[in-house]
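Read the structure below first, then the notes.
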Amino acid sequence: MFKVCDIVINTIPYNIIPEEAISCEYVPYILDIASSPYGINKEILEKYEDKIEYNIYSGIPSKFAPKEASDILLKTLKKVIDEK
């Protein structure tokens with residue numbers, strides 16, 4: 001499912017990322033900026049915690065102005081890329 005991307009940014013507060021996507025061979029870094037219940041079911045996260053890189057920055061778009069929210073995302077992505 002994620003064969004063509006390195007980063008997924010979820011903005012929808014609904015469990016939209018299925019287990020099939022997380023259990024595949026290649027799993028990108030997932031940045032979840034939605035509010036609860038986020039983009040991945042908690043049980044799936046626990047099951048694959050050693051396989052996926054997943055961070056929650058809950059509600060960034062609703063907590064900050066769009067410009068500041070995009071700056072926060074950019075800094076976060078740069079940090080992730082630099083750590084690899």
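From a predicted model like this one, the values you see are computed outputs, not experimental measurements.
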Compare all side-chain heavy atoms of [X] with those of [Y] and state whether any distance is below 4.5 angstrom.
{"X": "Leu31", "Y": "Val8", "value": "no"}
{"X": "Tyr38", "Y": "Pro13", "value": "no"}
{"X": "Tyr29", "Y": "Ile81", "value": "no"}

In Å and rounded to the nearest 0.5 Å, what is the [atom1] to [atom2] distance from [X] to [Y]?
{"X": "Asn41", "Y": "Lys47", "atom1": "CG", "atom2": "NZ", "value": "11.0 Å"}
{"X": "Glu53", "Y": "Ile7", "atom1": "CD", "atom2": "CD1", "value": "10.0 Å"}
{"X": "Ile12", "Y": "Ser35", "atom1": "CD1", "atom2": "OG", "value": "12.5 Å"}

Exercise. Please list all pairs passing the salt bridge (charged side-chain N to carboxylate O under 4.0 Å, His left out) test where one or both residues lie in residues 32-44, with sequence neighbours left out.
Key: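 Output for this query is empty, none listed.
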Exercise. For the residue pair Glu49 and Tyr54, confirm or rule out a side-chain donor-acceptor distance under 3.5 Å.
Key: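 Glu49 vs Tyr54: no donor-acceptor pair found between side chains.
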Exercise. Could you point out which residue of Ile72, Asp6, Ile9 forms a side-chain contact (heavy atoms from CB on, under 4.5 Å) with Leu77?
Key: Ile9
Quiz prompt | CA sep, side-chain torsions, deciding dist, call: Ile30, Ile22, side chain to side chain contact (heavy atoms under 4.5 Å, CB included) | solution = CA-CA 10 Å; Ile30 301 171; Ile22 303 303; 3.7 Å; yes
Quiz item: Where the side chain of Asn10 meets the backbone of Ala34, is there a donor-acceptor pair that is under 3.5 Å apart?
Solution: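 No, Asn10 side chain to Ala34 backbone: no donor-acceptor pair under 3.5 Å.
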Quiz item: Partners of Tyr14 by side chain to side chain donor-acceptor pair (under 3.5 Å), sequence neighbours excluded?
Solution: none
Practice problem: Could you check Ile52 against Leu45 for side chain to side chain contact (heavy atoms under 4.5 Å, CB included), going step by step and ending with a plain yes or no? | Solution: CA-CA 8 Å; Ile52 64 173; Leu45 279 176; 3.4 Å; yes
